[in-house]
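One structure is given below, encoded as structure tokens.
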Amino acid sequence: MSSYDYDLFVIGGGSGGVRGARVAASLGKKVAIAEEYRYGGTCVIRGCVPKKLFVYASQFHEHFEDAAGFGWAVGESSFDWKKLVAAKDVEIARLEGLYKKGLAGANAEILETRAELVDAHTVRLLKTGQTVTAKTIVIATGGRPNPHAALPGHELCISSNEAFHLEELPKSILIAGGGYIAVEFANIFHGLGVETTLIYRGAEILSRFDEDLRRGLHEAMAAKGIRILCHDTLQKVSKGEDGLILETLNNGTLQAGVVMLALGRDPNTEGLGLEAAGVAVDERGAVIVDEYSRTNVENIYALGDVTNRVQLTPVAIHEAMCFIETEYKNNPTRPDYELIPTAVFSQPEIGTVGLSEEEAGKRFPELEVYRAQFRPLKATLSGRAERMIMKLIVDAASRKVVGAHILGHDAGEMAQLLGVTLKAGCTKDDFDRTMALHPTAAEELVTMYAPSYRIRDGKRI
Ligand code: NDP
């Protein structure tokens with residue numbers, strides 16, 4: 001009989017924490033999980049899932065416009081923001097319920113309280129003040145938007161958290177940042193009829209993606225009417241008579257109804273008792289872990305965004321499953337971060353897996369780049385000017401496809417499947433041998449027979 005109250009105590013009810021708690025409980029371990037806000041975490045409550053619902057909502061006005069080319073006359077349309085928020089909230093509550101149901105079904109104890117570490121085996125539950133002990137502890141408290149406290153007037157700005165519950169849709173919005181969240185929300189707000197400006201410090205949005213897609217998306221967004229200001233930053237935000245006044249470094253004074261900061265996310269470790277438990281953090285406050293997600297304290301693990309590895313839901317879930325193998329199945333398993341497919345739900349969408357042309361150019365002496373840019377079939381009748389871009393990056397020596405990049409409709413769906421082919425180590429010859437499926441956009445991926453150009457020693461030839 002263990003001398004602890006629990007075999008496992010998980011702090012944080014997001015993607016990683018819930019998965020770890022549920023599976024450990026289903027293995028017969030005595031498990032408790034504590035969450036201070038809502039079960040489901042960032043992804044379900046104020047991230048991926050509600051964001052995607054908003055993306056769908058924001059696409060309808062283009063669908064209505066496109067309909068005319070196919071013979072449809074769509075009557076006058078209008079949009080009700082409050083209705084969308086309410087419908088989204090119902091769905092999110094349903095999903096939250098499913099998360100709890102899964103935990104309860106596995107016999108994990110669900111605690112609705114903030115929990116803080118007292119020492120390496122003891123946790124205090126803030127709601128009751130009670131302390132409990134556990135043999136193993138998992139920290140899975142996720143992250144939160146970087147408040148950019150150095151910006152004068154930052155307290156007047158919102159983050160993605162508030163964007164999901166705005167009382168009213170503003171007439172105009174300025175979004176600071178050039179990453180996933182900034183770009184996705186710029187497209188959402190623009191699609192819902194808000195005059196949208198994006199301000200980004202670098203030369204081009206989405207700094208970690210393939211240059212071609214970054215440029216292609218920028219052009220497509222600008223053509224829709226989204227104002228993108230690169231090489232610029234906010235200097236000050238203040239209240240004006242009619243909304244907010246923004247001082248910028250290079251574009252003078254601007255105005256906007258709402259300002260949203262999307263400048264990265266910080267790990268949620270403040271006040272968690274990490275020092276008391278002896279758990280080390282890095283300079284950004286992220287919990288430091290080894291390759292098995294174990295902290296410097298033997299019995300404490302950390303999963304997901306709180307560790308500042310790859311901030312993606314499926315990665316946190318994978319880390320949780322590896323933790324289960326390591327801790328409970330006598331099978332030490334390191335999370336595998338190679339070839340993670342990812343999508344930016346912009347409009348058009350980006351879907352990508354593997355190395356960008358720039359990164360691959362640094363790793364391989366010679367590359368073949370296969371690139372197609374075309375008007376998708378639907379756009380012929382709709383008259384929409386959008387172009388799709390597809391790119392395969394191939395290591396010339398091994399013929400392996402080391403990167404696949406798509407800009408256009410359903411790029412995320414395609415990237416998921418391309419992820420399987422790259423993970424399996426498919427070569428360009430495997431792609432060539434695969435029969436095209438006609439008429440689809442994805443068939444371009446198996447019909448690009450001749451390289452568009454080559455890269456030797458990092459230079460295009
Ligand atoms: P990102 O890291 O994607 O982007 C942060 C942006 O803020 C970058 O453009 C960065 O610029 C800029 N930035 C950072 N600090 C400053 C500063 N001090 N001044 C000006 N600009 C600054 O973070 P997000 O907040 O967009 O998203 C957080 C994470 O959540 C993502 O990394 C992603 O992993 C995940 N996510 C995934 C989604 C998906 O899978 N579709 C959707 C949304 C989020 P620079 O590039 O120059 O560093």
Side-chain angles (χ1 to χ4, degrees), residues 14-16 41-56 142-152 154 157-164 174-188 198-209 211 213-214 217-218 228-237 246 248-251 259-268 284 286 304-319 337 340-353 356 358 406-407 410-413 415-416 419:
S15 305
T42 301
C43 172
V44 173
I45 306 298
R46 44 193 180 189
C48 325
V49 177
K51 178 274 310 285
K52 189 89 187 271
L53 295 174
F54 280 12
V55 169
Y56 287 131
R144 61 172 186 277
N146 165 8
H148 203 28
L151 173 70
H154 68 93
C157 306
I158 65 162
S159 70
S160 54
N161 285 352
E162 291 75 37
F164 289 112
L174 181 137
I175 302 177
Y180 283 85
I181 296 180
V183 167
E184 290 181 341
F185 271 95
N187 284 278
I188 288 170
L198 191 74
I199 187 164
Y200 171 54
R201 66 179 173 185
E204 187 56 278
I205 54 172
L206 292 173
S207 57
R208 280 160 290 179
F209 287 78
E211 184 75 43
L213 268 62
R214 296 166 65 190
L217 178 62
H218 182 143
I228 302 179
L229 308 173
C230 287
H231 286 307
D232 203 359
T233 52
L234 287 180
Q235 301 295 293
K236 187 179 169 194
V237 181
L246 313 153
T248 68
L249 190 61
N250 295 319
N251 281 281
V259 176
M260 173 171 155
L261 303 179
L263 304 171
R265 294 175 61 84
D266 298 335
N268 249 335
R284 293 193 53 234
D305 288 4
V306 75
T307 62
N308 195 24
R309 287 178 281 185
V310 182
Q311 297 178 355
L312 294 172
T313 295
V315 171
I317 292 172
H318 173 63
E319 286 167 359
Y337 299 102
I340 299 171
T342 180
V344 182
F345 294 100
S346 45
Q347 299 168 41
E349 201 166 291
I350 281 181
T352 180
V353 56
S356 65
E358 299 76 39
I406 301 170
L407 176 74
D410 297 326
E413 304 287 342
Q416 176 67 87

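These numbers come from a predicted model, not from an experiment. As the structure lists them, so they are numbered: ligands from 1, and atoms in each ligand from 1.
- In the displayed structure, Tyr56 atom OH is contacted under 6.0 Å by at most 12 heavy atoms of other residues, nucleotides or ligands.
- Around atom CD of Gln416, no more than 12 heavy atoms belonging to other residues, nucleotides or ligands sit under 6.0 Å away.
- Proximity of a side-chain donor or acceptor of Glu204 to a complementary backbone N or O of Glu211 within less than 3.5 Å is not detected.
- Residue Gln347 holds its CD atom at 9.5 Å from CD of Glu184, rounded to the nearest 0.5 Å.
- A donor-acceptor pair is defined here as one N or O able to donate and one able to accept, closer than 3.5 Å; such a pair exists between the side chain of Glu319 and the backbone of Gly304.
- Those atoms of ligand 1 that come under 4.0 Å of a heavy atom in Ala343, given as number and element, are 39 (C), 40 (O), 41 (N).
- Of the protein's non-hydrogen atoms, Gly264 CA, 3.6 Å is the one closest to atom 23 (O) of ligand 1.
- Those atoms of ligand 1 that come under 4.0 Å of a heavy atom in Lys51, given as number and element, are 41 (N), 42 (C).
- Any N or O atom pair closer than 3.5 Å counts here, and Ile181 shares at least one such pair with ligand 1.
- Looking at Gln311 against ligand 1, both its backbone and its side chain come within 4.0 Å, counting heavy atoms.
- The aromatic rings of Phe209 and Tyr180 sit perpendicular, their planes meeting at an angle over 60°, well past the 30° parallel limit.
- For atom 7 (O) of ligand 1, the closest non-hydrogen atom on the protein side is Leu263 CA, 3.3 Å.
- Asp232 places no side-chain N or O within donor-acceptor distance of the main-chain N or O of Thr248, the cut-off being under 3.5 Å.
- Looking at ligand 1, you'll find an N or O of Gly178 within less than 3.5 Å of one of its N or O atoms.
- Considering only non-hydrogen protein atoms, atom 37 (C) of ligand 1 sits nearest to Tyr180 CD2, 3.5 Å.
- Heavy-atom proximity to Glu184, at under 4.0 Å, picks out these atoms of ligand 1: 41 (N), 42 (C), 43 (C).
- Distances between N or O atoms of Asn146 and those of ligand 1 include no value under 3.5 Å.
- The nearest protein atom to atom 47 (O) of ligand 1, hydrogens excluded, is given as Tyr200 OH, 2.8 Å; this is a heavy-atom distance.
- With values rounded to the nearest 0.5 angstrom, Thr233 atom OG1 is found 9.0 Å from Arg201 atom CZ.
- With Arg208, Arg265, His148, Lys52 as candidates, the residue nearest to atom 2 (O) of ligand 1 on a non-hydrogen basis is Arg208.
- Checking only distances, Leu312 never comes within under 3.5 Å of ligand 1, N or O to N or O.
- Residue-to-ligand polar distances keep Gly177 apart from ligand 1: every N/O pair is separated by 3.5 Å or more.
- Closest to atom 46 (O) of ligand 1, if we only count protein heavy atoms, is Ser207 OG, 2.7 Å.
- Leu234 places a side-chain heavy atom less than 4.5 Å from the side chain of Val259.
- Among protein heavy atoms, atom 10 (C) of ligand 1 sits closest to Arg201 NH2, 4.0 Å.
- In this structure, Arg214 contributes its side chain and Ile205 its backbone to a donor-acceptor pair below 3.5 Å.
- Within the 4.0 Å heavy-atom cutoff, Gly202 does not count among the residues contacting ligand 1.
- For ligand 1, none of its N or O atoms has an N or O atom of Val344 under 3.5 Å away.
- From Leu213, atom CG reaches atom CD of Glu349 across 11.5 Å, with rounding to the nearest 0.5 Å.
- Between the side chain of Asn146 and the backbone N or O of Gly264 there is no donor-acceptor pair closer than 3.5 Å.
- When hydrogens are left out, the protein atom nearest atom 4 (O) of ligand 1 is Gly179 CA, 3.3 Å; that is the closest non-hydrogen contact.
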